[in-house]
Amino acid sequence: MLCSIPVSGPLESGSSGGKDKAKKLGRYNIIGLDPSKQFLLHIATGAEIEKDARISKRILHAVGQMEMRSDLMDAHMYAFKRSVLQEVLDVKDTFQSLKEDVLPYLVRSQLKSEALLNRTPQGEENSNEKVSSQNNQAFISRILANASTPSFHGIYSENPDGSSSTRKTHKCCVYIASSSSYCVRLNSIQAFMDINRDVTGDADHLLSPNNIIGPSPKLGTKTTVGPNCRLGEGSEMGDKCQVKRSIIGRHCRIGSHVKVVNSVVMNHVTIGDGCIIQGSVICCNVQLQERVELKDCQVGAGFVVTAGSEYKAESLAKKEK
């Protein structure tokens, strides 16, 4: 499945905190599609692309025309026929990644028919070798000429003597999500933050208010909740709090004089009086005691941050026993 690249652009995986913004990839995937936009004929990731993109002449001769796109992103969602995937892994037992190994292999090999593997081996020369070679070339030309049609990806081959047989080629089809669909790679902390902000803004139609948003959160006096915020069911906030561009989960208890900006606070979190939280992710069942200050931090589930603590760009979590 392919989808449009989000406005913010794809992010490298493995990064965290406020450093993510500096690690956006400058180059995107180069995708080659057949004229019907049904088959994936070429794919190169941003890391592979330098100044030039190399395209197989065989594929260009096959399809006549190829549409090259740089505005599409691999959604990392694949559907395989089990026997085909098993066949690939049996032949290529060193493959580790669907994205980096299996998909490119299928794209490269889909023009190869099993019939092409049955050519006369070198050393078995006979009087019919030239005729067989000519038949093979004619067969290859016919396959390539029809590569952009659905029939190419069905049962399509013949024996070198001209008789018909039933061997299948690999096929690598593509589904392009509609532009109205919401499709984002969730592979970093920054991407997680961006998605949460999206669902409170342009993509808010994805949420069902009846089971996500509390109908009547309890807010103290002079507490303000800005635009693009969500307050979960059963959550309570004390007096003189400020919430800006943030998500507050369900059944949270937030004291007075608390400031939450550009953050995600998950369910059943307790935040003491006077806390300041900026650009951070607070997981479920966390307890922040009074006057805690967090900036660009991630706090793991069940962690207790002691009163008066200050952290910047830290990951806080319980130590494993």
Side-chain angles (χ1 to χ4, degrees), residues 1-13 24-81 84-85 87-89 91-92 95-117 137 139-157 167-181 183-185 187:
M1 187 173 79
L2 302 175
C3 60
S4 298
I5 295 175
V7 175
S8 58
L11 299 169
E12 288 183 342
S13 60
K24 291 181 180 179
L25 292 176
R27 297 182 292 261
Y28 302 129
N29 292 339
I30 299 298
I31 304 290
L33 304 174
D34 78 303
S36 69
K37 297 182 178 63
Q38 295 180 22
F39 305 122
L40 182 63
L41 303 178
H42 176 79
I43 183 168
T45 62
E48 297 175 277
I49 302 165
E50 296 181 356
K51 291 183 179 179
D52 301 318
R54 301 192 175 200
I55 309 296
S56 168
K57 289 183 180 179
R58 178 166 53 88
I59 294 182
L60 291 178
H61 284 307
V63 297
Q65 294 180 337
M66 184 189 299
E67 180 176 325
M68 304 301 293
R69 303 278 295 270
S70 62
D71 61 334
L72 295 174
M73 179 177 67
D74 180 359
H76 285 220
M77 182 178 292
Y78 312 106
F80 291 97
K81 185 174 182 180
V84 171
L85 183 58
E87 174 190 340
V88 172
L89 297 180
V91 175
K92 302 288 186 179
F95 278 0
Q96 300 290 325
S97 165
L98 293 177
K99 160 75 175 177
E100 302 295 337
D101 299 321
V102 176
L103 182 61
Y105 174 79
L106 287 175
V107 171
R108 291 192 304 268
S109 65
Q110 63 184 323
L111 290 178
K112 298 177 182 178
S113 169
E114 292 179 16
L116 301 181
L117 301 179
Q137 290 300 319
F139 169 64
I140 294 172
S141 298
R142 201 154 69 248
I143 286 184
L144 296 181
N146 291 278
S148 62
T149 65
S151 62
F152 164 70
H153 291 274
I155 299 173
Y156 192 105
S157 69
R167 291 183 172 91
K168 293 184 179 181
T169 61
H170 285 307
K171 50 186 175 181
C172 193
C173 301
V174 63
Y175 172 77
I176 303 176
S178 67
S179 57
S180 61
S181 301
C183 182
V184 180
R185 289 290 318 286
N187 59 351

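Values below: all heavy atoms of this structure, side chains included; hydrogens, waters and symmetry mates excluded. Since the structure is predicted, the reported quantities are computational estimates derived from the model, not experimental observations.
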Enter the distance from Ile43:CD1 to Leu72:CG here, rounded to the nearest 0.5 Å. 10.0 Å
Return the set of residues passing side chain to side chain contact (heavy atoms under 4.5 Å, CB included) with Ser178 (not counting sequence neighbours), or none when no residue passes. Ser180, Ser181
So which atom in Val91 and which in Tyr105 form the shortest heavy-atom distance, rounded to 0.1 Å? CG1-OH, 4.4 Å
Residues Val88, Asp101; criterion side-chain contact (heavy atoms from CB on, under 4.5 Å); working and verdict: CA-CA 10 Å; Val88 172; Asp101 299 321; over 6 Å; no
Between CE on residue Met68 and CG on residue Leu41, distance to nearest 0.5 Å: 9.5 Å
Gap between atom CZ of Phe80 and atom CG of Leu103 - 0.5 Å precision: 6.5 Å
Sequence neighbours left out, what passes side-chain hydrogen bond (donor to acceptor under 3.5 Å, both in side chains) with Lys99? Give chain and number order. Asp74
Determine whether Gln38 and Cys173 make a side-chain contact, defined as any pair of heavy atoms from C-beta on separated by less than 4.5 Å. no
Between CD1 of Ile30 and CZ of Arg69, what distance do you get to the nearest 0.5 Å? 11.5 Å
Interatomic distance, CE@Met77 vs CG@Leu2, rounded to 0.5 Å, equals 12.0 Å
Cys183 and Met73: which non-hydrogen atoms are nearest, and at how many Å? O-CE, 4.0 Å
Residues at least two apart in sequence or cross-chain that pass side-chain hydrogen bond (donor to acceptor under 3.5 Å, both in side chains) with Ser97, listed by chain then number, are none
Salt bridge (charged side-chain N to carboxylate O under 4.0 Å, His left out) partners for Lys37, two or more places apart: Glu67
Any side-chain heavy atom of Ile176 within less than 4.5 Å of one from Leu33? yes
Tyr78: ring-ring contact (aromatic ring centres under 6.0 Å, His included) partners, not counting sequence neighbours: none
The side chain to side chain contact (heavy atoms under 4.5 Å, CB included) partners of Tyr175 (sequence neighbours excluded) come to Met1, Ala177
Under a 4.5 Å cut-off applied to non-hydrogen side-chain atoms, are Val174 and Asp34 in contact? no
Gap separating the CG atom of Leu106 from the CG atom of Leu40, nearest 0.5 angstrom: 10.0 Å
